[in-house]
Number of protein chains: 2
Amino acid sequence: MLKSNKTLRKLMAAKVSTPKSRATIIDIARVAGVSKSTVSLVLQGSSLVRKETRETVQNVIEQLGYVYNRSAAGLRQAKSDFAGIVIGDLSNPFFSELAAGIEEVLAGYNMLPVLANANEDPVQQANAIRALREHGVAGIVLSPARGTTAWTISESFPKGLPVVVAMCVVDDCPFPYVGPDNISGFLQATGHLIELGHRSIAFLGGDNSFAVQKERIEGWRKAHRDVGLVADDRLIINSAPSRQGGAEAMEIALSHPQKPTAAVCHNDVVALGASRLLHESGLSVGRDFSIVGFDDIAEAAYAFPPLTTVSVGTRNMGMEAAKRLVQLIKGEAVDSRKFLGETKLIVRQSTGPCKV
Amino acid sequence: MLKSNKTLRKLMAAKVSTPKSRATIIDIARVAGVSKSTVSLVLQGSSLVRKETRETVQNVIEQLGYVYNRSAAGLRQAKSDFAGIVIGDLSNPFFSELAAGIEEVLAGYNMLPVLANANEDPVQQANAIRALREHGVAGIVLSPARGTTAWTISESFPKGLPVVVAMCVVDDCPFPYVGPDNISGFLQATGHLIELGHRSIAFLGGDNSFAVQKERIEGWRKAHRDVGLVADDRLIINSAPSRQGGAEAMEIALSHPQKPTAAVCHNDVVALGASRLLHESGLSVGRDFSIVGFDDIAEAAYAFPPLTTVSVGTRNMGMEAAKRLVQLIKGEAVDSRKFLGETKLIVRQSTGPCKV
DNA sequence: AGCATTTATTGGAACGTTCCAAATGTCAAG
DNA sequence: CTTGACATTTGGAACGTTCCAATAAATGCT
């Protein structure tokens, strides 16, 4: 008797056909009195099915509360409508703006973004990418963690997977890139200081291990050239791209033989650190020494004094990144391999006229 | 000859077995000289397979760069490790903080958040939920769009799907809820004004169509009661929860017979609108009239003058929501059906002592 | 009436996993 | 040498879709 076990299971399964789990295409077919193939055609909006049939099927679908199973479909046809986003930290407004831009464009193509947090750590980043791949995302927008090299990247991605790199240049990387226009941003920042009468303007923070550094320094140089001045390379002071680094760099700047009266900084965090050191040294930021940051992070406005900085149009860059990803996924030509977002100088109170 | 078409296809498929698309469990099995079942067992870390075998298989996996196909697995076993997040707008820092909190907890369970934007529109919200369901998410955190009713919600969700409602109460809704402690928040806000000497404090913005309104007004009342005062209901001035609404409400307040000297507002946006109107009327916010907002959106700090407001610990609420969602998914008991986040008064410059 | 063409419909084989029942191999005890 | 117990491994049937080739039905043409 125990042998009938299997048959029994089947029987029971048949008995309790409708109760658990979602209805399938086959349930629909049975109720509508057509074949599963027909239901599938209706689902795909094919013009092959007769109007009447389509309507019958659609009614049954409605009635049974059927929900399409995309995983199952994805198993058969290769395409997926997930797009992965790998970023440092969602709660950083810089990244969430980016994500929002991506989401907006994706939604226009009925795609859904799947988020993965890399925490600025290459190892976590690799895991995140793997998880995304396991889920069969159609492509990935990657905002590389620091220390990511072209090699790391090529390691993580199989040949065919569409990828767009955002915000942070990786040298020799074969993927389209979307990021801020560093040159123009630093041109604006430095130009602003020059207009205020400053003639000895330091470049604080970062070092050449950052791919963006070259461009940023180039912007600083160009601003000088444009008005017939020449930037003094001795005023480039490297440091870690952190608050601490900013403070250290400023310390060096203050006792520098070239006596800078102002500085542009690698980013806002460096600027904030530098600003604090000035304050602690009894100098008034914006009066005794002018400082400009880069990124326009939320904190820049909170700071004391509110930081003059360069905003990089983060949301728009997210949109551009997503646009390119979709093009890649569809196999279309990509608008341009390198998109540089417009930058905008935001004048607050950390800059003022040169008093020397 | 044309008839051999099918066979030909097969042949070709066999010929070019490895080139395109990802390797499968079967490819691994073939190379490792075991059955697909064994590979599957290895993948699941089963203790049934011999150590040697496991190692062989793992080597081959490594070697072929095999990537697990979760959709395929999901087809067979019912569970998914996607969790849906439905929110109004990612670029609103209020929501992105929430999402970040959710992401953090989810990551701890190796789950991935899938984002869907409802744009504060019930129709888009329903679509978003449907899309998420089609993708087989294991559960959803929903921050309901305005106008969402218990009925709308029950309409969108099948019986079994785990759902946690966040940030915005929906009456008679069977799902666990996580949101700010409105009563205590308004208690703090109003208490702050009372301490500053204000005795005629208006409640600006919102109306009873907002589920949260009752609680917020209750907080305002309680603050009065706690010090033996009695709130004057005539000072409740409804309006749309927008900048414009805030300005309108403030206009009414200014010509109000009860002459309020301060106001608590339904949220920060209302407060900002009210603040601007005061400014335009030549009154100094913080000196001539005090204003407190609610939410502590990023803009609150940028505003002129920086807005005194109540922060609701958004990120933490995201974490609590995710925690409950996971419990629901696992079929465990939920910590509590209703979690109220701690609120914190942030004093900036839109409030000051009563001068009357 | 017979055949070709078009229009609708359909069964079955994929897709890459997991699960089950069953098969195999090894060993110890009877 | 059987038998049973245990440790490993395995083939095949699911899961819910899509695609293809084949069928069925309806229509047009001679």
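Lettering of chains follows the sequences in order, A, B, ..., and the numbering in each one begins at 1. Values below: all heavy atoms of this structure, side chains included; hydrogens, waters and symmetry mates excluded.
A:Asn69 places its CG atom 16 Å from the P atom of C:dT17, with the value rounded to the nearest Å. B:Leu43 places its CG atom 11 Å from the C1' atom of C:dT18, with the value rounded to the nearest Å.
Side-chain atoms of B:Arg54 come within 3.5 Å of backbone N or O of B:Ser46 as a donor-acceptor pair. One N or O on the side chain of A:Arg337 and one on the backbone of A:Pro174 form a donor-acceptor pair closer than 3.5 Å.
At a non-hydrogen distance threshold of 4.0 Å, A:Lys36, A:Ser37, A:Ser40 from residues 33-41 of chain A come into contact with DNA chain D. Contacts between residues 45-55 of chain A and DNA chain C, defined by a heavy-atom separation below 4.0 Å, involve A:Leu48, A:Val49, A:Arg50, A:Thr53, listed by number.
Each of A:Val34, A:Leu48, A:Val39 was scored for a side-chain contact (heavy atoms from CB on, under 4.5 Å) with A:Thr53, with one residue passing: A:Val34.
Note on B:Gln44: a side-chain N or O is less than 4.0 Å away from OP1 or OP2 of C:dC19. A sub-4.0 Å separation between OP1 or OP2 of C:dT17 and a side-chain N or O of B:Gln77 is absent.
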Could you give the side-chain donor-acceptor pairs of residues 122-131 of chain B under 3.5 Å, partners two or more places apart or in another chain?
from: B:Gln124; atom 1: OE1; to: B:Asn119; atom 2: ND2; distance (Å): 3.3
from: B:Gln125; atom 1: OE1; to: B:Ala145; atom 2: N; distance (Å): 2.7
from: B:Gln125; atom 1: NE2; to: B:Thr148; atom 2: OG1; distance (Å): 3.2

**Request:** List the steps and the verdict of side chain to side chain donor-acceptor pair (under 3.5 Å) for A:Asp81 and B:His135.
**Result:** CA-CA 9 Å; A:Asp81 51 3; B:His135 283 287; 3.2 Å; yes

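Looking at residues two or more places apart in sequence or on another chain, you find a side chain to side chain donor-acceptor pair (under 3.5 Å) between B:Asn117 and A:Glu103. A search for side chain to side chain donor-acceptor pair (under 3.5 Å) contacts involving A:Gln44 returns A:Ser40, not counting sequence neighbours. For B:Ser143, the side chain to side chain donor-acceptor pair (under 3.5 Å) criterion is met by no residue, not counting sequence neighbours.
Checked by distance alone, A:Arg76 brings a side-chain donor or acceptor within 3.5 Å of a matching partner on the base of D:dT18.
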